[in-house]
Each structure stands twice: as structure tokens, then as C-alpha cells.
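Here is the structure we will look at.
In what follows, every heavy atom counts, from backbone to side chain, and hydrogens, waters and symmetry copies are set aside. Throughout, a chain's letter reflects where its sequence line sits, starting with A, and its residues are numbered from 1.
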2 protein chains.
Amino acid sequence: MATDDLMTRALEALGDDGPLSVEAIHRLADLGDLPEAMTIAEVADLLDISPHTLRYYERAGLVEVARDGSGHRVYDAAAVRRLVFLTRMRLSGMPMRDLRHYISLVDAGGHTVPQRLDVLVEHRDTIRRRIRELTLSLTAVEYKIATYGGSTGPDVQDLGTTTATDRTPPRRALPAE
Amino acid sequence: MATDDLMTRALEALGDDGPLSVEAIHRLADLGDLPEAMTIAEVADLLDISPHTLRYYERAGLVEVARDGSGHRVYDAAAVRRLVFLTRMRLSGMPMRDLRHYISLVDAGGHTVPQRLDVLVEHRDTIRRRIRELTLSLTAVEYKIATYGGSTGPDVQDLGTTTATDRTPPRRALPAE
DNA sequence: GCTTGTGTTCGAGCGCGCTCGAAGACATAG
DNA sequence: CTATGTCTTCGAGCGCGCTCGAACACAAGC
């Protein structure tokens with residue numbers, strides 16, 4: 001569970017809204033030393049997305065990519081860094097529409113920094129909300145797994161996972177067997 | 001922040017893979033006393049989804065719903081409980097396809113309980129994975145917000161949020177400004 | 001009787017984010 | 001010279017999960 005370890009360390013570095021450990025982030029998000037120029041296949045491998053998707057992002061106006069003499073795409077380090085950002089944001093659930101907006105702000109110049117921060121803060125809150133929702137769902141699913149009896153009625157077959165203070169009448173948290 | 005309080009309490013009840021507090025779940029997931037029969041509008045209100053979606057779920061084979069003399073849907077308590085389950089699972093990201101599979105197992109009889117548990121366990125793991133991904137994204141976005149300078153170069157404008165042990169050279173975790 | 005409100009069925013359409021395939025341009029290997 | 005491989009552009013298609021609208025059926029109130 002190396003991934004979990006990484007995660008755990010990242011979480012330890014993060015108090016609720018508190019300061020972050022730059023170290024931890026660097027361990028997690030370090031881009032390494034990017035080559036000056038990469039082909040579409042190399043970038044696709046790096047980001048674990050398809051060349052089709054890379055072209056799609058370019059068509060969507062999220063990156064500009066130069067061409068070589070044969071018309072092939074040449075991704076410079078800046079383009080790759082932007083694509084790393086974009087794919088991270090996509091993975092975290094930011095819709096293409098918002099990404100387009102954000103990039104348009106970036107391309108508009110430095111005076112849009114406050115607006116970019118607004119976008120980021122809003123997205124941060126969206127992620128937090130989503131994590132809360134998923135944690136709630138997770139609790140419910142774990143409960144259902146723990147108490148699953150397979151019965152059709154309203155009864156809970158208590159498998160000894162309840163606390164001593166359980167005094168509410170048995171009732172299924174997630175019905176429909 | 002009443003929602004957060006609820007969340008916090010739910011999380012307190014949940015050790016890593018440990019036993020759950022039935023109480024907490026009941027507080028979170030209590031269905032209340034369901035009426036014997038509900039109209040589509042009432043169920044839609046209860047679940048905060050549209051009547052259109054309810055009909056869609058029925059068409060998808062996820063619930064069977066009786067009709068009254070006028071051909072209107074009558075949702076009994078069992079149907080509503082199932083729909084509560086279904087909407088919870090949808091919210092947690094389970095695809096319709098898996099839900100259809102699960103429901104087909106339920107309708108196939110009690111001997112499918114082990115397979116249902118397989119589905120639930122797999123979904124539980126999916127939720128956990130997703131939470132981990134989102135937590136990682138959250139950390140990165142928070143870092144980017146904290147260090148945002150609006151510059152175009154590779155420099156990080158350190159806003160004093162780093163730890164004393166920070167000894168790595170500044171580098172952006174999330175580029176593309 | 002007419003209007004309003006709430007429901008019905010059916011099939012089509014939509015927004016999202018890719019994903020694919022066709023047709024062609026080059027570069028290199030044999 | 002040909003074959004292979006990697007790329008190009010373009011537009012179409014797809015899977016998902018709804019979402020909507022048209023046309024109709026009742027029931028209650030005026």
C-alpha cells in the first residue's frame with residue numbers, strides 16, 4: 001500500500017485549513033525535470049491520457065502546441081506543465097468549461113490573478129463538499145456491508161459491530177437489500 | 001455549519017475499517033416513518049430528484065411501482081426504501097449499470113447475497129479510492145492557492161506557509177498559473 | 001362545461017468528455 | 001521502391017444519465 005502511505009503522509013502535512021508542508025507536496029506533485037520538447041505520444045504516456053484526448057484539449061483551447069517541420073506537435077516544458085495542471089484538475093472533477101474559463105484568465109494576463117484565485121477557491125470548496133459526500137456514502141455502505149443479512153424485511157441482523165450505547169431500534173440505513 | 005457537525009460526528013464514529021456506531025448511521029440515514037403510499041411528486045421531493053428521473057429509474061428496471069385506478073404511480077414504503085438506496089448509491093458514484101446488476105441480484109432471491117456483498121465491497125473500495133484521489137487533489141489545490149503568485153515562471157512565491165524543514169528548491173506543484 | 005392541476009406514455013434530445021475512423025503526409029528500414 | 005510506423009486534420013459517433021416535450025387522461029373546483 002505504497003499509495004496509502006504517500007496519502008497518509010500528505011494528510012499529516014495538512015491540518016484543517018492549516019499550513020501545508022511544501023515538502024510533502026513536492027513529493028506528491030514533483031514534475032521532475034521536463035525535457036525541452038516532447039512528442040504527443042510521450043506526453044500522453046506521461047499524463048496517462050490518449051493522444052486523442054491531448055488533441056481534444058488543444059482543440060478546446062486549453063493549450064497551444066507548436067509544430068515541427070513535418071507538422072507534428074512539439075510539446076515544450078511550459079505546455080507540458082500546463083497539461084499536468086489541466087489533467088490534475090480534470091481528475092479532481094473540474095469541468096472543461098471551468099478549465100476553459102481559467103485558462104482564458106491566465107492568457108488574459110497577470111491582472112486576472114484575483115479571479116483565478118476565486119476559481120481555485122471555489123473548486124477547492126467543491127472538492128471538499130464532494131469528499132464530505134463520499135465519506136458519508138462510504139460510512140453508509142460500510143454499515144450496510146457490516147449488517148447485511150440479505151433479509152427482505154426491516155430487520156437488521158446485528159453482527160456485533162454496534163457500540164454499547166446503541167439504543168435505537170434496528171432500522172436499515174440502506175434498504176433495498 | 002450544521003452539516004459539518006453531522007459529518008464530523010459521523011467520521012468520529014468511523015475508525016479506519018473499524019466498527020461503526022449504529023446511532024450515528026441512524027442519525028444520518030434515518031428514513032423516518034414512511035407513509036404507506038406516496039405520489040411521484042412526494043417521492044421526488046423526498047429524494048430531491050425530478051419525477052422524470054423517477055420514471056427513468058422505473059423504466060431502467062430498478063423499481064416496480066404500482067398504479068392506482070387512474071394509472072397514477074403509487075409508491076409503497078418498500079419502493080421508496082429501495083429508491084432511497086438507489087439515489088444514495090447514485091450520489092456516491094455507482095453507475096446505473098452496476099445498480100441494475102445489483103437490483104437483478106436482489107430480485108433473484110436470497111441466494112445471491114454473497115454476490116451482492118461483492119458488489120458492495122467493490123463499490124466501497126471505489127469510494128475509498130475516489131476519496132483518496134480527491135484528498136490528494138485538494139492538497140494540491142490548497143497548496144496552489146496558498147502559494148499563488150500569478151507569475152509565469154517556475155518560481156514559487158513563498159507566503160510563509162512552509163514548514164521549517166523545507167529544504168527542497170521552490171517548484172510549482174500545479175503549474176499553468 | 002371548462003379550466004387547472006397532476007399525472008400518464010413515448011420517443012427524442014442534450015451536455016459532457018471523450019473516442020474513433022478515414023484519408024493523407026512524412027521519415028526511416030529493408 | 002515499398003512497407004511500416006507515427007503522426008496530421010476533420011467530422012462523426014458514443015456512452016452516460018438524465019431531461020424534455022408532445023399528446024393525452026383524469027379529478028376537482030368554479
Where B:I40 and B:P51 come nearest, the two heavy atoms and their spacing: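 Scanning both residues completely, I find the closest heavy atoms to be CD1-O, 3.7 Å.
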
Can you give me the closest heavy-atom contact between B:V119 and B:M94, atom names plus distance?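 Closest heavy-atom pair between B:V119 and B:M94: CG1-CE, 4.0 Å.
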
Given atom [atom1] of [X] and atom [atom2] of [N], what is their separation to the nearest angstrom?
X      : N      : atom1 : atom2 : value
A:D48  : C:dT19 : CG    : P     : 11 Å
A:M38  : D:dT6  : CE    : P     : 16 Å
A:E42  : D:dG5  : CD    : P     : 18 Å
A:H52  : C:dC16 : NE2   : P     : 22 Å
A:M96  : C:dT19 : CE    : P     : 12 Å
A:M94  : C:dG17 : CE    : C1'   : 16 Å
A:H72  : D:dT6  : NE2   : P     : 11 Å
B:R100 : D:dC18 : CZ    : P     : 11 Å

List the residues meeting side chain to side chain contact (heavy atoms under 4.5 Å, CB included) with B:A41, not counting sequence neighbours, and say none if there are none.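 For B:A41 the side chain to side chain contact (heavy atoms under 4.5 Å, CB included) partners, ignoring immediate neighbours, are B:T39.
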
Check the pair B:Y57 / B:L99 against side-chain contact (heavy atoms from CB on, under 4.5 Å), numbers first and verdict last. CA-CA 10 Å; B:Y57 285 171; B:L99 242 18; over 6 Å; no

Can you pull out the residues from residues 53-71 of chain A that lie within a 4.0 Å heavy-atom distance of DNA chain D?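 Result for residues 53-71 of chain A: A:R55, A:R59, A:R67, A:G71, sorted by number.
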
Proximal nucleotide (of C:dT9, D:dG17, D:dC7) relative to the B:R73 side chain: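 That would be C:dT9.
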
What protein N or O atoms touch nucleotides 28-30 of chain D N or O atoms at under 3.5 angstrom, if any, and at what distances?
none

Over 12 non-hydrogen atoms of neighbours within 6.0 angstrom of CD in B:E42: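 Yes.
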
Inspect the surroundings of CG in B:D48 and state if more than 12 heavy atoms from other residues, nucleotides or ligands are less than 6.0 Å away.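 No, not enclosed.
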
Between A:R82 (side chain only) and A:L62 (backbone N and O only), is there a donor and an acceptor less than 3.5 Å apart?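 Indeed, once roles are kept as given, a pair shorter than 3.5 Å links the two residues.
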
Tabulated below should be each protein N or O lying under 3.5 Å from an N or O of nucleotides 13-15 of chain D; please produce it.
none

ILVMFWY cluster, A:V74 and A:V65 together (side-chain gap under 4.5 Å):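 A:V74 does not cluster with A:V65.
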
Go through the structure and list residues passing side-chain hydrogen bond (donor to acceptor under 3.5 Å, both in side chains) with A:T53, not counting sequence neighbours.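 Testing A:T53 for side-chain hydrogen bond (donor to acceptor under 3.5 Å, both in side chains), a comparison that skips the adjacent residues, returns A:S50.
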
Is any side-chain heavy atom of B:R88 closer than 4.5 Å to a side-chain heavy atom of A:V141?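 In short, these two side chains do not touch, never coming nearer than 4.5 Å.
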
According to the salt bridge (charged side-chain N to carboxylate O under 4.0 Å, His left out) rule, which pairs have a member within residues 49-58 of chain B, sequence neighbours left out?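 Counting only pairs at least two positions apart or across chains, the salt bridge (charged side-chain N to carboxylate O under 4.0 Å, His left out) contacts touching residues 49-58 of chain B are B:E58-B:R67, B:E58-B:R73.
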
Under 4.0 Å: is that the gap between some side-chain N or O of B:T39 and OP1 or OP2 of C:dT6?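 Checking B:T39 against C:dT6: no side-chain N or O falls below 4.0 Å of OP1 or OP2.
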
Regarding B:P51, tell me which of base, sugar-phosphate or nothing describes its non-hydrogen contacts under 4.0 Å with the strands shown.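 It contacts nothing in the nucleic acid.
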
